[in-house]
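All of these numbers come straight from a predicted model, not from anything done at the bench.
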Amino acid sequence: MIDSQWFIAGLLIALLVALAVFQLRPLLAFAATGAALFVFGLVEQEVYLKGFANNSLITLMLLIVCSLAVERTYYVKHLGKALFNGSPLLNYVRLLVVASVTSGFANNTAVVATLMGCIKSHFAHQASRYLLPLSYASILGGTLTLVGTSTNLIVSGFAEEYGLRSLSMFTTTPIAIVVLFVCLVCLLIGIKLLPISNQAGQEHSNQYFLEAKVTSSSLAGKSIVDAGLRELGNLYLTEIVRGDAVIAVVSPDEVLQKGDSLLFSGDVKALSTIEQVNGLDVVGLTTEESSHSNNTCEVVLLPDSVCVGKSIKQVKFRSLFNASVLGVRRGDHQISGGLGNIKLRAGDMLLLTVGNDFKDRHNLKRNFVLLNPELLISEQQELPKRQSQWVLTGFAAVIGLSACNVLPLIKGLLLLLGALVLSGVLSVQYVRRRIPFEIIIVVGSALALANAMQTSGLAQSISSGLLAMTQGYGVYGAFIGVFLVTLLLTELITNNAAAAIIFPIAMTTAQQFGVDTMPFIMAVAFGASASFLSPFGYQTNLMVYSAGNYTMKDYFKLGLPVSVVYSITVILMIPVVYPF
């Protein structure tokens with residue numbers, strides 16, 4: 001059996017590099033780390049397998065599945081109409097309050113996905129003023145309860161593994177209420193820091209990356225000017241792909257050849273101008289389709305989409321989704337190369353031309369956020385009012401009984417899931433497709449890593465280093481150090497990964513001081529929910545990245561004040577509510 005802190009430290013460093021530098025999917029990174037620990041004998045088989053059957057992890061799975069029914073209720077589907085019927089300021093306040101409170105009891109990814117489409121349809125030219133605050137409000141609201149975010153449930157699971165009492169429904173609430181209020185005020189003040197899509201200097205904010213092929217010999221032999229490709233309104237010819245060569249700076253006198261791929265950047269509304277050029281075919285459109293038809297829609301790629309990391313050619317959109325990709329948008333990044341060769345990333349916004357049965361495909365919700373609410377998807381058809389009422393009542397009853405310690409949450413969710421399936425609200429096939437296996441693998445493997453760090457003494461060594469760095473500041477200094485390190489890792493990798501890595505260090509630090517572990521548990525929970533500075537630390541931030549046409553600067557301008565206010569409030573409030 002290998003008993004080496006250095007070996008585990010090497011695995012930990014490799015994990016961090018894979019996540020932060022190479023942006024490897026957490027599923028692969030954690031699965032490889034957990035498997036290595038097991039294969040090399042650093043964790044016992046019983047410990048390794050037990051992590052995948054953790055009580056809090058199973059509760060999280062049940063919660064996510066039951067939330068699928070809540071998302072389909074009449075009231076959730078019509079939430080946007082009720083929100084956006086007042087003055088701009090009132091709309092903004094309603095959005096922040098509703099998004100944050102709802103995220104305290106429902107999956108915040110689903111909350112953001114539901115409201116994104118409403119924002120895009122109501123405020124197409126001002127979406128950038130609403131989408132990022134929506135993401136931040138959902139993150140803040142997630143800290144309100146145990147079920148508000150997967151991080152809280154995962155931290156609760158870690159506490160159980162260490163023989164501590166699991167978190168209750170409202171363990172985080174006294175702190176979170178104060179944090180939420182202060183940060184929402186900060187968001188209200190900071191709204192003007194975000195751009196408006198239709199303001200001066202933002203005229204290209206709706207740019208898609210589009211491709212068209214020269215298919216006619218009548219167009220070949222003409223220069224760019226003679227072909228009329230210099231005057232396309234808000235479309236700009238950025239590159240020509242000719243065989244294996246890429247012409248990145250296109251001269252007006254460049255002569256076209258048959259088979260050339262012309263790459264454009266610009267407003268998708270001007271796509272019809274390409275269609276009108278004889279001998280030029282838009283990639284993704286068949287002869288029966290048109291960009292003016294009702295068969296086009298915009299979607300955002302979710303982090304666990306099967307498309308992420310693959311090129312458009314590799315994905316085979318037509319067979320998977322009965323759709324073709326017309327254009328790609330990635331925040332403010334200029335994309336280069338042929339459309340079919342682009343490696344898709346989470347958060348990419350795609351313009352699709354779709355077939356008649358696109359809305360009937362069962363794999364859409366797992367892969368996309370649909371930004372065209374008028375396109376109803378069969379598996380997402382809203383429930384009638386009567387059925388919606390009992391679904392919401394049942395969900396609220398389960399949460400309430402758990403909060404009052406009458407019925408354990410896991411039992412209540414299991415009963416609710418059974419009722420949802422038996423009543424036909426959810427089908428067995430749909431439930432099976434929507435189980436988030438990635439979270440199961442990540443959390444189970446993370447528990448194995450935490451055990452190895454603890455038993456090998458690595459957690460104690462890192463904790464000792466942290467104590468040395470905060471020497472002279474006592475337990476409060478160490479507590480702040482744990483929070484800040486968790487926050488930093490959350491921005492660099494992901495929230496759940498950060499919590500998994502820091503939790504054993506936090507526990508060891510508390511034990512070395514001989515103080516209550518709860519303040520340190522709260523430091524990890526709140527630190528792992530503090531993702532405001534980039535699109536990549538939290539999936540809702542990534543979801544709004546391209547849809548709001550944000551730059552990294554936008555995240556920093558609004559996110560830094562929120563992050564500072566959040567951190568100061570958390571650091572002050574935790575010791576007040578849970579003294580050392």
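In this structure, the side chain of T238 engages the main chain of L263 through a donor-acceptor pair within 3.5 Å. No side-chain donor-acceptor contact under 3.5 Å links E211 to the backbone of V282. Using modelled atom types, no side-chain atom of R329 and backbone atom of A547 make a donor-acceptor pair closer than 3.5 Å. Under the 3.5 Å distance criterion, the side-chain polar atoms of E491 are left unmatched by any main-chain donor or acceptor of L488. A donor-acceptor contact shorter than 3.5 Å links the side chain of T143 to the backbone of L140. Between the side chain of N367 and the backbone N or O of V306 there is at least one donor-acceptor pair closer than 3.5 Å. Looking at Y550, its side chain does come within 3.5 Å of a backbone N or O of S128 through a donor-acceptor pair. A donor-acceptor pair under 3.5 Å is absent between the side-chain atoms of T33 and the main chain of L15, judged by distance alone. Distance alone, capped at 3.5 Å, is enough to place a donor-acceptor pair between the S546 side chain and the G347 backbone. Judged by distance alone, with hydrogens and angles left aside, the side-chain atoms of S100 form a donor-acceptor pair with the main-chain N or O of L96 at under 3.5 Å.
Using a 4.5 Å heavy-atom threshold, the side chains of S563 and L487 count as touching. Contact check for I441 versus F30: no side-chain heavy atoms found under the 4.5 Å cut-off. Considering only heavy atoms from C-beta on, S388 stays 4.5 Å or farther from R72 through its side chain. With contacts defined as side-chain heavy-atom distances shorter than 4.5 Å, the pair Y130/L115 does not qualify. Side chains of V214 and L262 form a contact here, defined as non-hydrogen atoms less than 4.5 Å apart. Counting heavy atoms from C-beta on, the side chains of L344 and K310 never come closer than 4.5 Å. For the pair C297/V354, a side-chain contact is recorded, criterion being any heavy-atom separation below 4.5 Å from C-beta on. The shortest side-chain heavy-atom distance between L420 and V431 does not fall under the 4.5 Å cut-off.
Donor-acceptor pairing under 3.5 Å is recorded for the side chains of Y208 and E298. The closest side-chain donor-acceptor pair between R318 and S324 falls under 3.5 angstrom. Remark: the N108 side chain and the S138 side chain contain no N/O donor-acceptor pair separated by less than 3.5 Å. Checked by atom type, the side-chain pair S261/K213 shows a donor-acceptor distance below 3.5 Å. Between the side chains of N541 and S135, at least one donor N or O sits under 3.5 Å from an acceptor N or O. The closest side-chain donor-acceptor pair between N152 and T149, if any, does not fall under 3.5 angstrom. In this structure, a donor-acceptor pair under 3.5 Å is present between the side chains of N495 and T151.
Residues Y566 and F532 bring their aromatic ring centres within 6.0 Å.
Within 6.0 Å of atom CZ in F556, 12 or fewer heavy atoms from other residues, nucleotides or ligands are found, so the atom counts as exposed in its surroundings.
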Item to check | Full working for side-chain contact (heavy atoms from CB on, under 4.5 Å) between L370 and F358 | outcome: CA-CA 12 Å; L370 190 69; F358 172 77; 4.2 Å; yes
Next on the checklist: Quick one, L256 with L229, criterion side-chain contact (heavy atoms from CB on, under 4.5 Å). Give me CA distance, side-chain angles, the key distance, then yes/no.
Outcome noted: CA-CA 11 Å; L256 296 172; L229 298 178; 3.9 Å; yes
Item to check | Working for side-chain contact (heavy atoms from CB on, under 4.5 Å), residues L63 and F395 | outcome: CA-CA 10 Å; L63 180 67; F395 189 81; 3.9 Å; yes
Item to check | From CA spacing to verdict: side-chain contact (heavy atoms from CB on, under 4.5 Å), S305, V308 | outcome: CA-CA 6 Å; S305 169; V308 173; 4.0 Å; yes
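Classification of R242 and D260 as a salt-bridged pair holds, one side-chain N sitting under 4.0 Å from a carboxylate O.
The aromatic rings of F317 and F368 lie parallel to each other, their planes meeting at an angle below 30°, with 60° marking the opposite boundary.
Taking every heavy atom of both residues into account, L413 and T59 meet most closely at CD1-O, 3.7 Å. In plain terms, the two heavy atoms of A323 and L352 that are nearest each other are CB-CD1, 4.2 Å. Shortest non-hydrogen contact noted between W390 and A419 is CH2-O, 4.0 Å. Residues R129 and L194 share a closest heavy-atom pair of NE-O, 2.8 Å. The two atoms that bring A497 and I493 nearest to each other are CB-CD1, 3.8 Å, heavy atoms only. In this structure, L187 and P133 approach most closely via the heavy-atom pair CD1-O, 4.2 Å.
The line from CG of L301 to CG of L350 is 4.5 Å long, rounded to the nearest 0.5 Å. In this structure, T540 OG1 and M116 CE are separated by 10.0 Å, a value rounded to the nearest 0.5 Å. How far CG of L210 is from CG of L351: 7.0 Å, rounded to the nearest 0.5 Å. The distance from the CG atom of L27 to the CD1 atom of I439 is 11.0 Å, given to the nearest 0.5 Å. Between the OG atom of S103 and the CD1 atom of I139 there is a distance of 9.5 Å, given to the nearest 0.5 Å. Separating the CD1 atom in I435 from the OH atom in Y430 is a distance of 12.0 Å, to the nearest 0.5 Å.
For the side chain to side chain contact (heavy atoms under 4.5 Å, CB included) with N496, the qualifying choice from V443, I154, T490 is I154, the only one to do so.
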